[in-house]
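One structure is given here, and the rest of the page talks about it.
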Amino acid sequence: MGLLTEAKPLSWEEAAAHMKYVRDHGVDQFVNTLRYAENISGDKLFYGDEIEYGLFKVDKEKKRVYLSLRGKQVMDSLQKKEKTEGKGSEAGQCNWVPEYGAWMVEATPSEPYGGFTSDLRRIESNMRARRSRLLSVLEEDEIAPTVVVFPLLGVGDFTGQGFPVRGPVANSRFVPDEIINPHPRFGTLTRNIRARRGRNVKIMAPLFQDKNTDNTPEEGSDGTPGIYMDAMAFGMGCCCLQVTFQARDLSESRHLYDALAVLAPIMLAASAATPILKGKLSDWDVRWKVIEDSVDCRTYAEYGEDSPKDYKYYDTMVADGKRRLMKSRYSSIDMYICNHLEGKEPCKETSKFNDIDIAYDKEQYDKLRAKGVDHLLALHVAHLFVRDPLVIFEGHVESVDDTVGTEHWENIQSTNWNSVRWKPPPHQDMSNRKIGWRTEFRSMDIQLTDFENAAFTVFITLVSRALLSFDLNVYIPISKSDENMRRAHKRDAIRKEKFWFRSHLVEPESGDCPNDSCAVHGDEHHYEEMSVLEILTGKGGYFPGFVPLVIAYMNQVGFDTETQDKVHSYMSILVRRASGELLTGAGWIRKFVQEHAAYKQDSIVSEEIAYDLMMACHEIGLGIRPCAQLLGDVRITKIVKENAYNVPLTEVRLTNSMVFNLLDRYSKRAEFVAKRRKIEQDIESKEQELQKLKEELVQLESSNHLSHTHDAMEIPGFTSPEKKLSDSEK
């Protein structure tokens, strides 16, 4: 979501005069925060998840689905209901905030989960409550399945309202400006990214190749084949699952940042749920690169290209806007930041794995070092500050107090969208402090059900606990982590791809291998390629796998049986998907499209297919539609809007006349029920008598038939007298 300030945003041209001030004072604000919070220690584990939802409008008669641009109205209704009806709920209260799209809302638990085993069971319950409460404020023709992206985003009139494209904000040939959240931050982000870049963003995703796929390049794609998109909405309109952890102290938050960064590509592949982009089947399974390119604000020079003559560089831009930058500001991390053993052995492990050159602002680095910030952390912050602020609000520049404010720091920090984000605490009263040093895990695609989203949240939470508790080492070179991120995008990467991973999580000991000179055991920092299944369940006798590690952690802590069973069911889904027994969300969606009667083997997701798909996703999320291919034997308990909030046991006050009328009604009701039961009993009795008479009649007829047959057999040539009667006599 980022920093939401209620003020007039400056245009790119107006903001240019303030960019250096914001960068300089952003670093000052960070240093002040560091000095204020660097000695915080002993904080307990708190964590929370973020889930983003898309709202869609359905026409059941025409079998069409559109975006519903009621995100703000829905959010306002939910916020109001939380204040009046959410208190005291067993599932806890929820917090609702805006997201980039006018069709989107974001939800989190109002209070974080704690460090108890019982909190792990609260996660799915709270997620279910959020879905139920969202359902309670939707209109009858609206749905909100937890899908990553609307399948027809950018295709025809996908809002159903006929808005024109080529608006002044996005200037997109595919999406209108009206789909952007009306808060000024979001439109300004869109406009200023284009302005700094000097052109529209360009997103190219590979097109899935089927029997009748047309590979003709799209107009505007400069002849590049594939799925072409040209606006921030295609990326920031994607929904994801994020989890933030509070660390014990500053040192642990940095260690957790590094460890989770290694796991980010693995969990991206495991959570894959994005096989459709702009009405076509993609050959990617995840959203990440789409968002990466959708907010790429690099200038021509930063991108490594020649600049047009009419492009304007400002001398207030960082490095005049001409320093070469290798990545978008939305990307995997570029460096590890843990200063091991709290600085007693600086960079003991980290430096050897930071193996790629990174751009950094030397002026800011020197300032940070002069103020006593250690090398790695100073380099990390100076690396963040090679980006310019994208949104500056009028009246919120020099008026910000650097001793307590963090607005300029957050301006840069919150628009460096990396796979993991390191988060210093906000300035707060130390006597009543609630927030400490945190690390945010940001790579995972959202899942169709709350069971799955809870499974991924619980798993990464317990993995983080095991990593810290057992003091495990997962470092691999940053270059290999980047390669893992690229591989995670590929179709069915969870089964088909190999990922670089460290062979030893602890230093190998003598006897681990019969051959002490083998490559694997001879180097404690050895890394190799592993499948997701091997990373989860283990490889050889030297790599244990994270599922067994989590089980060992649970046994060590002493988890109760109920929580252990729940965790096992969560981990089972991940393992069964990695083995190919179950499908990922991406695999299931792709299969649904390919098996649809209207699919023409041309990679196109038609309006009819999109409608059926969104309805199916909606029903799966609500527990109406079982899905064994996705969930195995897991059955989702149905979610209904009537159970969205607790029903209070309130005292009902009635007047005497109301009481008498009510009693009279129920007395008459009782008489009616008694009479009805008497009649039903009489009917049942008569039916039994009738049935008995019918049985007697059958026995009588049977006896008479046997008597005639016996006589005919005993007397040869016998003819029954009945046969001699004429028809009239009969």
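Residues: numbered from 1 along the sequence shown. This structure is a prediction, so every number in the text was calculated from the model and none was measured.
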*Please say whether more than 12 non-hydrogen atoms of neighbouring residues, nucleotides or ligands are located less than 6.0 Å from NZ in Lys371.*
no

*side chain to side chain contact (heavy atoms under 4.5 Å, CB included) against His427, all qualifying residues, sequence neighbours excluded*: Tyr36, Val404

*Are the aromatic rings of Phe30 and His380 close, with centres under 6.0 Å apart?*
no

*State, yes or no, whether a side-chain contact exists between Trp437 and Arg254 at a heavy-atom distance under 4.5 Å.*
no

_If you compare all heavy atoms of Val201 against all heavy atoms of Ser294, which two are closest, and at what distance to 0.1 Å?_
CG1-O, 3.4 Å

*Sequence neighbours excluded, which residues qualify as side-chain hydrogen bond (donor to acceptor under 3.5 Å, both in side chains) partners of Trp103?*
none

*Find out whether Pro424 and Gln413 are in side-chain contact, i.e. whether some heavy atom of one side chain is under 4.5 Å from a heavy atom of the other.*
yes

*Look only at the side chain of Asp355 and the backbone of Ile478, and say whether a donor-acceptor pair between them is shorter than 3.5 Å.*
yes

*Are Phe234 and Met232 side-chain neighbours, meaning at least one heavy-atom pair lies under 4.5 Å?*
no

_Set of residues satisfying salt bridge (Lys or Arg N to Asp or Glu O under 4.0 Å) with respect to Asp315, sequence neighbours excluded_ = none

*Hey, are the side chains of Tyr21 and Pro389 touching, using non-hydrogen atoms and a 4.5 Å cut-off?*
no

_Does Tyr527 have more than 12 heavy atoms from other residues, nucleotides or ligands lying within 6.0 Å of its OH?_
no

_Ion pair check, Arg433 and Asp43, cut-off under 4.0 Å_ = yes

*Are side-chain heavy atoms of Arg287 and Met444 found at a separation under 4.5 Å?*
no

*For Asp388, side chain to side chain contact (heavy atoms under 4.5 Å, CB included) partners two or more places apart*: Trp12, Met19, Arg23, Arg196, Met317, Val318

*asked:* Tell me which pairs pass salt bridge (Lys or Arg N to Asp or Glu O under 4.0 Å) where either residue lies in residues 264-278, with sequence neighbours left out.
replied: Glu218-Lys278

_Counterpart residues, salt bridge (Lys or Arg N to Asp or Glu O under 4.0 Å), relative to Lys72 (two or more places apart)_ = Asp76

*With sequence neighbours excluded, what pairs up with Arg199 under the side chain to side chain contact (heavy atoms under 4.5 Å, CB included) test?*
Arg197, Tyr300, Tyr303, Glu305

*asked:* Is it true that, when you exclude Lys8 itself, more than 12 heavy atoms of the residues, nucleotides or ligands shown sit nearer than 6.0 Å to its NZ?
replied: yes

_Results of side-chain hydrogen bond (donor to acceptor under 3.5 Å, both in side chains) for Thr457 - residues two or more places apart only_ = none

*asked:* Can you list everything that forms a side-chain hydrogen bond (donor to acceptor under 3.5 Å, both in side chains) with Lys490? Sequence neighbours excluded, please.
replied: none

_Candidate pair Asp401 and Thr403, rule side chain to side chain donor-acceptor pair (under 3.5 Å), full reasoning_ = CA-CA 6 Å; Asp401 183 355; Thr403 61; 2.7 Å; yes

_On a heavy-atom basis, which atom in Phe441 and which in Leu260 lie closest, and how many Å separate them?_
CE1-O, 3.3 Å

*Least distance between heavy atoms, Tyr53 atom then Ala107 atom*: CE1-CB, 3.7 Å

*Answer whether the closest heavy-atom distance between the side chains of Asp177 and Pro168 falls below 4.5 Å.*
yes

*Near Met204 CE, under 6.0 Å, is it more than 12 heavy atoms from other residues, nucleotides or ligands?*
yes

*Residue list, side chain to side chain contact (heavy atoms under 4.5 Å, CB included) with Ala17, at least two apart or on another chain*: none

*Going by distance alone, is a donor N or O of one side chain under 3.5 Å from an acceptor N or O of the other, for Lys322 and Ser307?*
no

*Partner residues of His383 under the ring-ring contact (aromatic ring centres under 6.0 Å, His included) criterion, sequence neighbours left out*: none

*With a 4.5 Å heavy-atom cut-off, do Leu241 and Phe456 have their side chains touching?*
yes

*Is the Tyr475 ring parallel, tilted or perpendicular to the Phe353 ring (thresholds 30°, 60°)?*
parallel

*Before accepting this row, confirm whether a basic side-chain N of the pair Asp293/Lys289 lies closer than 4.0 Å to the acidic partner's carboxylate O.*
yes

*Under the side chain to side chain contact (heavy atoms under 4.5 Å, CB included) rule, what do Val381 and Trp409 come out as? Steps first, then yes or no, please.*
CA-CA 10 Å; Val381 173; Trp409 157 253; 4.0 Å; yes

*Just checking, is any N or O donor in the side chain of Asn95 or Glu106 under 3.5 Å from an acceptor N or O on the other one?*
no

*Quick one: which residue pairs count as a side chain to side chain donor-acceptor pair (under 3.5 Å) with a foot in residues 235-247, not counting sequence neighbours?*
none

*Closest heavy-atom pair and its distance - Ser332, Ser419*: CA-OG, 3.5 Å

*So, are Lys362 and Asp366 salt-bridged, with charged N and O less than 4.0 Å apart?*
yes

*Under 3.5 Å, side chain of Arg421 to main-chain N/O of Ser414, donor-acceptor pair present?*
yes

*Does the side chain of Asp230 come within less than 4.5 Å of Asn171's, by heavy atoms?*
no

*So, His525 versus Arg502: side-chain donor-acceptor pair below 3.5 Å or not?*
yes

*Is the shortest distance from a Lys or Arg side-chain nitrogen in Glu483 or Arg487 to a carboxylate oxygen in the other one below 4.0 Å?*
yes

